[in-house]
Amino acid sequence: MTIERVQTGVRLEKRLVKVLKALAEHRDMSLGDLIEGIVLHAFEGQTPFSAATLETIGQLKRVYGMGLGAADSHRLVEIDGEGDDEPS
C-alpha cells in the first residue's frame, strides 16, 4: 500500500521515548514504524504486543526507570521550562 508520511513535532515523556527507541532497535525497525503499528492496532482495539514483547518492554522500563502506566496518562504535568524548545 502506498502512503504519504509527514514529519511531526510530537513531545513525549523522556523515559517513554527511551523505551520506545530501544524497543524499535530491538525489533530492527524505525521508531516511526513502531509507533504507527501501535496506533493502528489500538484503533482496532487490538493489543500490539505479544507476551514476549511485553516482557521485553517491562525489562526496558526497568532499565530506563520508567514507572508510568496507562493510569498516569491523563495526570502528567510537565515541569515549567524543562525540555522546552521555545525561547523565553
Side-chain angles (χ1 to χ4, degrees):
M1 177 178 299
T2 303
I3 62 169
E4 178 182 358
R5 288 198 167 106
V6 296
Q7 189 68 34
T8 66
V10 176
R11 291 170 54 93
L12 300 169
E13 197 278 331
K14 185 176 183 177
R15 294 165 296 176
L16 175 61
V17 172
K18 288 181 178 187
V19 170
L20 286 170
K21 288 172 96 175
L23 182 61
E25 178 66 27
H26 177 73
R27 302 205 47 173
D28 196 28
M29 62 190 328
S30 73
L31 177 59
D33 286 344
L34 176 68
I35 293 171
E36 282 177 344
I38 292 169
V39 172
L40 290 171
H41 279 81
F43 282 176
E44 294 186 9
Q46 300 176 9
T47 181
F49 304 117
S50 68
T53 301
L54 289 172
E55 177 58 33
T56 300
I57 292 168
Q59 292 170 358
L60 292 169
K61 286 175 70 174
R62 285 188 291 280
V63 167
Y64 291 108
M66 189 188 128
L68 297 173
D72 300 311
S73 66
H74 297 289
R75 298 182 301 177
L76 302 176
V77 177
E78 189 168 354
I79 299 170
D80 288 338
E82 287 295 316
D84 192 357
D85 295 336
E86 298 295 319
S88 299

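These numbers come from a predicted model, not from an experiment. Note: hydrogens, waters and symmetry copies are ignored here, and every other heavy atom, side chains too, is used.
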dist Q59:CD -> L54:CG (nearest 0.5 Å) comes out at 11.5 Å
Do V17 and V10 share a hydrophobic cluster (ILVMFWY, side-chain heavy atoms under 4.5 Å, transitive)?
yes
From CA spacing to verdict: side chain to side chain contact (heavy atoms under 4.5 Å, CB included), K21, E25:
CA-CA 6 Å; K21 288 172 96 175; E25 178 66 27; over 6 Å; no
Nearest 0.5 angstrom please: L20 CG to R15 CZ, how far?
13.0 Å
Please determine whether residues F43 and I35 belong to a single hydrophobic cluster, defined as Ile, Leu, Val, Met, Phe, Trp and Tyr linked transitively by side-chain heavy-atom distances below 4.5 Å.
yes
Are L16 and K18 side-chain neighbours, meaning at least one heavy-atom pair lies under 4.5 Å?
no
Quick check: closest heavy atoms across I38 and P48, and the distance to 0.1 Å?
CA-CB, 4.0 Å
With a 3.5 Å cut-off and no angle check, do the side chains of T56 and T53 form a donor-acceptor pair?
no
Working to the nearest 0.5 Å, report the span between CG of D28 and CG of L34.
12.0 Å
Minimum side-chain heavy-atom gap E78-E13 below 4.5 Å
no
Apply the test side chain to side chain contact (heavy atoms under 4.5 Å, CB included) to residues E36 and D33: give CA-CA distance (whole Å), side-chain angles for both, the deciding distance (0.1 Å), then the verdict.
CA-CA 5 Å; E36 282 177 344; D33 286 344; 3.7 Å; yes
Please name the pair of heavy atoms, one in M66 and one in V19, separated by the smallest distance, quoted to 0.1 Å.
SD-CG2, 4.0 Å
If you compare all heavy atoms of L60 against all heavy atoms of A22, which two are closest, and at what distance to 0.1 Å?
CD2-CB, 3.7 Å
Between CZ on residue F49 and NE2 on residue H41, distance to nearest 0.5 Å:
9.0 Å
Note, L31 side chain near L23 side chain (heavy atom, < 4.5 Å):
no
